[in-house]
Amino acid sequence: MAESAGRELIHVNPANTSRTCPPSMGGCGHVSGDDRVTQAGFVCVRCGFTANADVVGAINVLRAGLVLRETAQAA
């Protein structure tokens, strides 16, 4: 469906994406299950960064997809 709409689809492994403090949002990149304080809440145990856990996961999936795309284009 994405391709038929002229969009690029990149498969990203979602493991730990909502447990990783997002560097692109000013976080430190630390990964810990303890960062998910509630289903919706993210608080980094290392640097104190806070955000909605779903937003953190989405940002990290986007970042991983961009890295995969860049790597594929460089090959």
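Since we're looking at a predicted model, the values are computed, not measured.
- Here the side chains of Cys28 and Cys44 are in contact, with some heavy-atom distance below 4.5 Å.
- The distance from atom CE of Met25 to atom CD1 of Ile59, rounded to the nearest 0.5 Å, is 5.5 Å.
- Val37 and Phe42 fall into different hydrophobic clusters, defined by Ile, Leu, Val, Met, Phe, Trp and Tyr side-chain heavy atoms under 4.5 Å apart, directly or through other members.
- Considering every non-hydrogen atom in both Pro22 and Val56, the closest pair reads CD-CG1, 3.9 Å.
- Side-chain atoms of Thr17 come within 3.5 Å of backbone N or O of Pro14 as a donor-acceptor pair.
- Arg46 has its side chain out of reach of Ser32: every pair of non-hydrogen atoms, C-beta onward, lies at least 4.5 Å apart.
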Set out, in order, the CA-CA distance, both residues' side-chain angles and the distance that settles side chain to side chain contact (heavy atoms under 4.5 Å, CB included) for His30 and Val45, then state yes or no. CA-CA 8 Å; His30 179 69; Val45 296; 3.7 Å; yes
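- When the shell of 6.0 Å around CD of Glu8 is examined, it contains more than 12 heavy atoms from other residues, nucleotides or ligands.
- Judged purely by atom type and a 3.5 angstrom limit, Asn16 has no side-chain atom pairing as donor or acceptor with the backbone of Arg19.
- Scanning both residues, Ala53 and Arg36, for their nearest heavy atoms gives CB-NE, 3.1 Å.
- Atom CG of Leu68 is separated from atom CD of Gln73 by 11.0 Å, given to the nearest 0.5 angstrom.
- Residues Cys21 and Gly27 share a closest heavy-atom pair of SG-CA, 3.4 Å.
- Here the straight-line distance linking atom OG of Ser24 with atom CG of Leu62 works out to 7.5 Å at 0.5 Å rounding.
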